[in-house]
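This one's a predicted model, so the numbers in the text were calculated from it and none came from an experiment.
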Amino acid sequence: MTQQTPRKTSPLPAVVAVFVLIVLGAVFVSELGSVSGGGEDTSAAESTLTADTYQAEVAALLAVGDPARGEALTRRYGCVACHEGAGAENGLAPLWEGVAARAETRHPPLTASAYLYESIVHPTAFKIEGFSGNMPLIYENIIPAEDLGSIIAYLLTLTDEPDVP
């Protein structure tokens with residue numbers, strides 16, 4: 001009869017696995033915060049805002065923008081989920097009807113096109129009372145310049161205010 005000696009197992013694999021899970025959890029929370037706007041300081045953007053801040057960028061975008069294409073892109077990127085219908089009615093985001101007219105005076109000294117650009121690329125730079133202000137901060141990184149120009153061009157065509165009973 002042979003007696004087997006118990007094998008000692010090292011706790012190292014379990015420790016490594018726990019460490020990896022902690023690191024991945026921290027990275028996930030950090031990325032989630034940056035996507036949803038958590039922790040972002042918008043005071044610097046607001047304090048350096050001038051009429052020319054975005055104008056050169058916006059002019060270049062509008063030069064390649066196509067309003068008809070922009071309308072289709074608002075559906076493709078899911079913008080309509082919050083800016084039309086129930087989303088707008090429930091205060092998620094401003095209704096797009098008449099957005100071009102409102103954009104003219106919404107955030108002086110910005111022009112309507114510069115304001116729309118800022119609202120898409122830096123949505124936390126200016127808060128609108130009565131709306132959640134939870135627009136995702138991902139659009140600057142996922143919308144190509146040509147698409148962004150077309151979306152802004154489309155929004156600039158929406159000048160008529162909605163009929164309110």
Side-chain angles (χ1 to χ4, degrees), residues 24 27-165:
L24 288 174
V27 169
F28 175 77
V29 168
S30 172
E31 288 298 314
L32 181 64
S34 69
V35 166
S36 66
E40 182 176 324
D41 180 16
T42 60
S43 59
E46 292 171 1
S47 66
T48 59
L49 189 62
T50 69
D52 299 326
T53 304
Y54 304 122
Q55 205 55 52
E57 178 74 17
V58 172
L61 292 171
L62 290 175
V64 297
D66 173 15
R69 189 169 168 269
E71 182 176 13
L73 290 169
T74 63
R75 297 190 191 307
R76 176 177 160 205
Y77 288 112
C79 309
V80 296
C82 296
H83 289 280
E84 289 183 358
E89 291 167 9
N90 291 317
L92 290 177
L95 184 65
W96 276 343
E97 289 181 56
V99 70
R102 291 189 309 275
E104 283 291 332
T105 59
R106 179 77 82 189
H107 193 193
L110 294 182
T111 63
S113 58
Y115 169 73
L116 292 170
Y117 171 84
E118 178 187 68
S119 297
I120 296 167
V121 177
H122 305 291
T124 60
F126 184 73
K127 301 276 184 186
I128 301 172
E129 189 175 326
F131 295 99
S132 67
N134 289 329
M135 184 162 156
L137 297 174
I138 59 173
Y139 293 115
E140 178 180 25
N141 298 321
I142 65 166
I143 299 179
E146 186 176 322
D147 290 358
L148 184 56
S150 293
I151 291 170
I152 294 170
Y154 166 65
L155 295 176
L156 288 171
T157 68
L158 303 177
T159 58
D160 294 334
E161 288 291 335
D163 293 330
V164 180

State the [atom1]-[atom2] distance between [X] and [Y], to the nearest 0.5 angstrom.
{"X": "T159", "Y": "E104", "atom1": "OG1", "atom2": "CD", "value": "10.5 Å"}
{"X": "I152", "Y": "I120", "atom1": "CD1", "atom2": "CD1", "value": "5.0 Å"}
{"X": "E89", "Y": "E84", "atom1": "CD", "atom2": "CD", "value": "11.0 Å"}
{"X": "T74", "Y": "L155", "atom1": "OG1", "atom2": "CG", "value": "7.5 Å"}
{"X": "T105", "Y": "Y115", "atom1": "OG1", "atom2": "OH", "value": "9.5 Å"}
{"X": "E118", "Y": "E57", "atom1": "CD", "atom2": "CD", "value": "13.0 Å"}

Could you tell me whether the side chain of [Y] reaches within less than 4.5 Å of the side chain of [X], counting heavy atoms only?
{"X": "L73", "Y": "Y154", "result": "no"}
{"X": "L148", "Y": "V121", "result": "yes"}
{"X": "S113", "Y": "Q55", "result": "yes"}

| task | May I ask you to decide if D66's main-chain N or O and S150's side chain share a donor-acceptor pair within less than 3.5 Å? | result |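 Yes, because the side chain of S150 sits within donor-acceptor range (under 3.5 Å) of the backbone of D66.
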
| message | With a 3.5 Å distance limit and no angle check, can you tell me whether R102 reaches the backbone of E97 through a side-chain donor-acceptor pair? | response |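 Such a contact is found between R102 side chain and E97 backbone.
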
| So, for I128 and P94, which heavy atoms are closest and what is the spacing to 0.1 Å? | CD1-CG, 3.7 Å

| Trace of the side-chain contact (heavy atoms from CB on, under 4.5 Å) decision for H83 with L92 | CA-CA 8 Å; H83 289 280; L92 290 177; over 6 Å; no

